[in-house]
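Protein chains get the first letters and strands the later ones, always in sequence-line order, with residue 1 at the start of each. None of these values were measured; they are calculated from a predicted model.
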Amino acid sequence: MDVSLLLDDLNPAQREAVMAPAGHQLILAGAGSGKTRVLVHRIAWMIQVEQRSPYSIMAVTFTNKAAKEMRHRLDELFQQTGQPISIHTIWVGTFHGLAHRLLKAHWQDANLPQNFQILDSDDQLRLIKRVYQALQIDEDKWPPKQAQWFINEQKDEGRRAKHIQETTDPFIRTMRKIYQTYEDDCQRGGMIDFAEILLRAHELWLNKPHLLEHYRNRFNFILVDEFQDTNSVQYAWLRVLAGKSSFVTAVGDDDQSIYGWRGAKIENIRKFSEDFSPCQIIRLEQNYRSTGNILHAANSVIANNLGRLGKELWTDGEKGEPISLYAAYNEQDEARFIVERIQSWISQGKRRSESAILYRSNAQSRALEEALLREAIPYRIYGGQRFYDRLEIKNAVAYLRLLNNPHDDAAFERVINTPTRGIGDKTLEDIRVVARSENISLWAAAGQLILRKHFAARASNAIETFMQMILQLQKDLCAPNEADELPALDFIAETVLDKTGLLAFHQNEKGEKGQARGENLQELIAACRAFETEDDAPILQQFLDTAALDAGDAQAEEFEDAVQLMTLHSAKGLEFPLVFLAGVEEGLFPHKMSIDDPDGIEEERRLCYVGITRAMQKLFITYAETRRLHGTESFNRVSRFVKEIPTDCIDEVRLKTAITRPVTYQQPSSKFTLKDEGEDTGFKLGQKVSHAIFGEGVILQFEGKGPNSVVEVKFAKIGKKRLVMQYAKLQAI
DNA sequence: CCAGGACACGTTTTT
DNA sequence: CGTGTCCTGG
């Protein structure tokens with residue numbers, strides 16, 4: 001076997017990682033260091049050089065996109081090496097995808113019905129609201145969203161309702177009760193939410209030693225991408241699976257851990273080498289993406305974080321242009337500046353799609369969009385609603401789910417009256433009550449109530465018509481005569497959309513909505529046509545599982561060459577020659593919600609690091625001195641992160657063009673300085689102060705200038721307070 | 001059932 | 001300020 005294909009074009013560190021001997025490895029892969037490449041080559045190396053069985057390898061990712069990419073690149077590499085190996089023998093997938101696969105295979109051991117259904121967060125919330133009704137809990141006092149958040153957080157930590165300690169805290173008590181009931185309802189209905197998939201898979205290991213034994217023997221090599229994003233359950237699941245005999249290769253970057261707020265534990269990557277000992281640590285620090293200046297800036301910013309595993313990106317390429325910093329007067333000025341720079345980029349013959357505008361929060365996109373629109377520059381916003389999250393698609397999928405299993409309560413509830421067929425709240429509520437008290441599905445309860453002649457003729461007829469329709473479709477599409485071939489998936493979808501009236505219903509919605517929704521439904525049919533079966537399970541079931549686990553990209557790839565707009569979070573993993581970081585202001589980035597928590601600030605700083613390292617050639621950082629957000633104007637200071645960038649790789653932009661500014665506006669001093677003090681106040685951000693009435697506190701933010709400026713202080717006793725500097729009479733302490 | 005108005009809410013998002 | 005949701009009156 002010619003090894004050179006697997007090792008050529010790799011740098012020494014990459015090579016070391018690819019050829020690492022059997023054992024645990026922690027590969028700290030900096031941004032743009034060729035991480036996926038290493039992962040893919042390592043797998044190929046193990047199979048083709050070390051002669052490991054593809055069957056003994058598991059590769060885990062976080063997103064479907066990453067899994068798809070890895071499969072694709074593996075395939076490509078195997079083709080090149082002339083030893084095609086069916087990549088289906090290797091388990092490549094997301095944590096959720098693989099866990100789901102296990103639960104499907106061992107549904108009985110996992111205490112699930114064979115046709116268990118996955119709940120998306122929408123379904124989950126609806127179900128929680130039903131729990132509220134059943135338990136007579138006040139939605140205003142404890143918002144259902146909060147309960148949803150609570151439940152998911154518990155599950156991410158591997159805790160079930162029964163594990164939550166008894167307490168007198170009314171919040172915890174209520175949440176525990178909701179969680180418990182929700183758990184019971186899910187179990188009864190054979191439904192599992194996203195977090196449950198992982199939790200069940202973990203419990204499957206713990207409860208069924210023979211299964212664990214089997215998989216431990218099988219998967220001797222487990223590779224995990226984006227390890228810094230693992231949550232507690234995922235980590236536990238891996239640890240149990242690996243046991244004492246399997247080897248884990250963890251690839252990740254602690255400096256790019258930006259999902260702590262949704263349960264990711266940065267500690268997991270920090271303690272990996274202790275928990276999986278002995279462990280070889282390999283650092284991939286050579287960067288192939290960005291210029292020297294950009295890397296220097298990124299390194300300097302992230303150096304301010306504590307407890308890092310340590311890593312410094314370098315390049316043997318050019319220093320490149322300095323980073324440009326622009327202090328905009330307000331968000332419109334900021335947008336205008338960015339658009340001008342993009343126009344000049346395009347005028348150099350570059351592509352619009354090579355440029356990206358990154359921001360901390362979605363609300364910022366408006367001003368940018370307006371400016372782009374004004375100049376008629378095509379743009380594309382990432383991260384809108386995903387395909388399978390759209391209302392019309394969810395409705396269509398709910399019908400398919402109902403065909404697959406009429407006892408699917410979430411689906412039943414979604415479409416029983418969509419399109420409207422005269423089944424109102426009262427009727428539905430009666431069905432719910434019976435379903436709950438008799439412990440049966442909504443479908444079964446509806447049938448019972450009709451038998452018992454519970455409803456008036458009108459309601460009864462409406463329900464019966466609906467149920468007949470579903471049964472008929474089921475008969476025609478899912479269980480045709482043996483002689484007949486099973487209909488194709490797209491035919492099933494098309495027929496269902498037609499016969500249920502859903503397509504007509506959505507098409508007739510007024511305005512452009514109807515058109516768009518109609519098109520989306522057509523796209524769903526197209527997706528069904530293109531759907532490929534993976535095993536011999538019923539195709540409808542397979543499709544539904546895929547739809548539940550893969551939200552589908554936000555939109556079909558646009559062909560148009562467009563400027564890319566997205567949040568910093570969704571930019572992770574991407575790269576662009578020209579990058580703008582917009583709104584780099586205290587309070588927005590770092591966001592004010594994170595500002596008084598050291599861990600929060602560190603995560604924001606990592607986000608900044610992610611942002612900077614997206615840029616290949618040229619990076620602009622912009623901030624607005626005045627920003628209108630949620631109707632109120634705020635005066636923000638440049639982000640602390642900007643001050644962490646060494647001045648020798650940054651250039652402040654001075655505009656030749658005059659900007660209309662109020663006459664009172666103070667021109668910034670000609671020398672570029674970044675001040676830590678509030679203007680004329682003699683106080684600093686973060687400084688401890690005391691107030692005659694409110695006691696001690698910490699300065700969070702200055703707004704405005706001069707004696708009428710406002711200072712925001714977080715007081716130990718009463719929380720945040722905004723005070724006018726002139727009257728506050730703050731004392732430094 | 002739908003339109004229109006009151007009202008709440010406002011960080012980041014995947015599965 | 002702008003949006004999404006909920007409620008009520010027609």
query: In Å and rounded to the nearest 0.5 Å, what is the SG to CD1 distance from Cys186(A) to Ile192(A)?
result: 9.0 Å
- request: Enter the distance from Asp545(A):CG to Gln117(A):CD here, rounded to the nearest 0.5 Å.
  value: 7.0 Å
message: Counting the benzene-type ring for Trp, do Tyr215(A) and Trp205(A) have ring centres under 6.0 Å apart?
response: yes
task: Quick one, give me the B/S/- string for nucleotides 10-15 of chain B, reading 5' to 3', where B means a protein heavy atom under 4.0 Å from the base and S means that only happens at the primed atoms, P, OP1 or OP2.
output: BBBBBB
query: How would you give the extent of chain A contacts on DNA chain C, as first and last nucleotide 5' to 3' within a 4.0 Å heavy-atom cut-off?
result: dC1(C) to dC6(C)
query: Using 30° and 60° as the class limits, which term best fits the ring planes of Trp142(A) and Phe171(A): parallel, tilted or perpendicular?
result: tilted
message: Taking Arg126(A) first and then Glu413(A), would you say they form a salt bridge - that is, a charged N and a carboxylate O separated by under 4.0 Å?
response: no
message: When the C1' atoms of dT5(C) and dT12(B) are compared, how many Å lie between them, rounded to an integer?
response: 22 Å
- line: Rounding to 0.5 Å, atoms CE (Met58(A)) and CG (Leu238(A)) come to a distance of 8.5 Å
message: So, applying side-chain contact (heavy atoms from CB on, under 4.5 Å) with Leu581(A), which one of Leu568(A), Ile357(A), Val642(A), Thr622(A) is it?
response: Leu568(A)
message: Rounding to an integer number of angstrom, what distance separates dT14(B) and dT3(C) when you compare their C1' atoms?
response: 24 Å
message: Is the distance between the ring centroids of His100(A) and Phe95(A) under 6.0 Å?
response: no
